[in-house]
Amino acid sequence: MKRSFFCSLVLALAVAFGGTGCKHSGKGLTPIPNSKAAPVTPTTPISATPQVPRGTGLPGDTNVPGGNPLADPDADKLKNGENGIKAGDIEKFQDRPVDKSVFTQYTVYFEFDRSTVRESEKSKLEAVADYMKKASADKDLLVEGHCDERGTEEYNRALGERRAQALREYLVNLGLSASRIQTVSYGKDKPLDPEHNDTAWSKNRRGEFGLLLPKP
Amino acid sequence: MKNNFVSLTLLAIAVCSLAALAPSQGRAAENDSRIRVVGRDDRQLVKIALSGFTGEALTTLKFDLEVIGCAVTSADQALFLITGSNTDHLEGRVQDKLTQTYVLGKAYPAGVDIRKQAHKFADDIAKTLFKMPGIALTKIAYKKTRGATSELYISDYDGHNAIQITSDNSIVAAPAWVPGRRKVYYTSYRLGNPDIYSQDLDTGERRVVARYSGLLTSPSISPDGSRVAMILSKAGSPDLWVSDASGGGLKQLTTTHEDESSPCWSPDERTICFTSRASQRAALYTISPDGGAMKRLSTSGAINCTEPDWSPDGKYITFTSLMGTFQICVLEVATGRMSILTDGEDATWAPNSRTLIIARRVGGKYVLSLLDVRTKQVKDIPQLSGNCSQPAWAR
């Protein structure tokens with residue numbers, strides 16, 4: 001009951017904030033020059049580009065409206081629901097230095113096309129959970145999900161996220177607060193081993209950890 | 001701007017007046033049985049002969065016609081003779097060899113890029129011989145990977161006039177066009193997290209569509225441009241969500257514990273097709289954009305089905321099946337008949353509902369190729385160098 005009320009609240013706020021948008025132009029973007037000058041009619045009629053409401057966005061790159069972020073007071077209690085554990089507050093994790101050297105030996109490997117944590121990998125997660133429980137509260141955990149190349153790009157991006165979240169769920173069950181864990185999926189964009197064989201694939205199906213340090 | 005108007009007017013005048021070049025065009029198009037031979041049911045390459053064209057006009061015309069299922073042969077083997085010239089401007093005629101009649105004659109105004117003139121002639125041939133909309137003047141978007149980063153590019157469908165439209169020095173993914181508009185949606189990791197942006201190609205203006213913790217990817221814009229289907233993991237698992245075009249009014253459509261991916265819209269906007277691992281293995285499902293139960297779509301033996309795309313005419317869904325290697329498949333929606341076409345992944349339909357653009361693994365990188373679904377003819381796009389993937393066809 002409490003959960004559904006909270007969900008409605010999130011949805012209502014998402015709707016309320018949804019109309020605003022943040023403009024980013026200029027930096028890093030290339031308008032197509034002379035694009036209206038195509039002298040040959042296109043195959044489908046192109047309607048006029050609607051005016052984007054100006055002044056509705058917040059300044060700066062990192063202030064991004066669009067429905068979130070809301071702190072989730074129940075995040076830790078919502079574990080193992082039908083859907084999983086709700087994601088945390090994105091701004092909390094923004095622009096923070098990551099130290100991956102701490103956890104290099106704890107990279108978790110997965111079976112082909114699976115996101116379940118294997119028995120052989122559980123001790124690594126226990127070690128990561130222990131480390132984080134002892135770490136100061138201003139340090140958080142980044143969990144990266146990766147895949148081998150035997151999946152299409154967007155499928156793997158989703159599978160990599162599912163893997164990262166499976167690790168997050170396992171860590172929460174070990175007593176780590178969900179609000180301290182950020183997940184990111186790279187799908188097959190960042191293979192550890194670029195080869196195209198079983199050895200490479202088994203290395204690439206992985207979850208990596210990084211220590212999120214406080215903003216400098 | 002004024003010049004363009006003049007060019008367009010000239011083009012219109014030229015096209016009208018040069019209809020006289022082909023006095024029998026109307027009659028031939030309606031009555032000539034040869035034209036029906038090359039119609040929609042034919043699975044053979046249509047043999048044509050090209051003469052009189054040179055240089056870029058010739059290579060462009062040849063490429064365009066091969067993409068839509070033609071094979072260039074000698075004149076004595078050809079069904080159709082395509083003759084013309086391209087000194088200063090392009091003129092072309094199509095003669096049906098059997099009936100000895102001209103079925104098409106067009107001239108295009110000087111002053112326009114010769115490649116565009118050739119594309120326009122190819123489109124006119126597609127309309128006349130194949131009764132289908134031309135695609136030679138359409139655009140594609142794709143991801144180009146260089147080392148650890150990737151950027152988004154837009155080019156003509158044949159790879160010419162490529163323009164890099166992001167410079168985020170990060171990872172981009174999953175470009176999708178707003179139907180009928182010069183605007184794309186895509187995922188960028190520029191702020192560390194994969195977030196969804198929209199970008200107007202005329203002004204370069206970029207807006208955030210969705211930015212939450214976790215995965216945000218695979219935007220797909222409804223045919224009327226008003227809604228976006230996408231994958232968000234903010235509820236704890238990669239699920240299918242819809243929002244309005246700006247990202248507001250979010251609604252969660254699936255609640256599986258496993259992951260969903262790559263949604264696409266039916267042209268009537270009543271159904272979204274997507275991939276889910278709900279049954280442990282990737283399979284295609286459909287759901288109403290207004291909510292309700294997700295339904296498994298039968299793919300007649302194809303397994304590990306991902307990256308669906310619904311044809312603009314509504315008749316087919318293409319998808320990638322992993323059966324040892326990646327295979328491009330097409331499912332006929334009404335009958336459930338499934339065909340395996342060729343090696344490749346991540347296909348999207350051209351506006352003609354007949355041509356697909358696909359990514360193929362060659363050596364250690366991806367190349368983009370064009371696949372004619374009826375004849376299964378594959379044409380690589382040699383113009384695109386480097387590692388290009390996730391093609392999206394403007395339509």
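Just so it is clear, the model here is predicted, and its values are computed rather than measured.
Only the side chain of B:Thr320 comes within contact range of chain A, with at least one heavy atom under 4.5 Å from a heavy atom of that chain. In this structure, chain A has a heavy atom under 4.5 Å from the side chain of B:Tyr366, while its backbone stays farther away. For B:Leu322, the part sitting under 4.5 Å from any heavy atom of chain A is the side chain, from C-beta outward, and nothing else. Using a 4.5 Å cut-off between heavy atoms, A:Glu153 contacts chain B through both its backbone and its side chain. Residue contact with chain B, scored on non-hydrogen atoms closer than 4.5 Å, involves the backbone and the side chain of A:Tyr186 alike. Heavy atoms closer than 4.5 Å to chain A are found in the side chain of B:Asp195, but not in its backbone.
Considering only heavy-atom pairs separated by less than 4.5 Å from chain B, the leading option among A:Ala164, A:Gly145, A:Gly160, A:Gly151 is A:Gly151. Chosen from A:Thr183, A:Asp113, A:Thr152, the residue pairing most often with chain B at heavy-atom distances under 4.5 Å is A:Thr152. For the options B:Ser262, B:Gly192, B:Ser218, heavy-atom pairs under 4.5 Å to chain A are most numerous at B:Ser218. Per-residue counts of heavy-atom pairs under 4.5 Å with chain A were compared for B:Arg281, B:His119, B:Gln280; the largest is that of B:Gln280.
At a threshold of 4.0 Å, the pair B:Lys120-B:Asp124 counts as salt-bridged, since one of the basic side-chain nitrogens sits closer than that to a carboxylate oxygen. Taking the charged nitrogens against the carboxylate oxygens, A:Arg162 and A:Glu169 do have a contact shorter than 4.0 Å, which makes a salt bridge. Using a 4.0 Å cut-off between charged side-chain N and carboxylate O, B:Lys139 and B:Asp156 make a salt bridge.
Using modelled atom types, one finds a donor on one side chain and an acceptor on the other under 3.5 Å when comparing A:Glu154 with B:Thr217. Between the side chains of A:Glu195 and A:Thr199, no donor-acceptor pair is found at a separation under 3.5 Å.
A cation-pi arrangement is absent between B:Arg361 and B:Phe326 under the rule of less than 6.0 angstrom and at most 45 degrees off the ring axis.
Ring orientation note: the planes of A:Phe103 and A:Phe209 are nearly perpendicular, at an angle over 60° on the 30°/60° scale.
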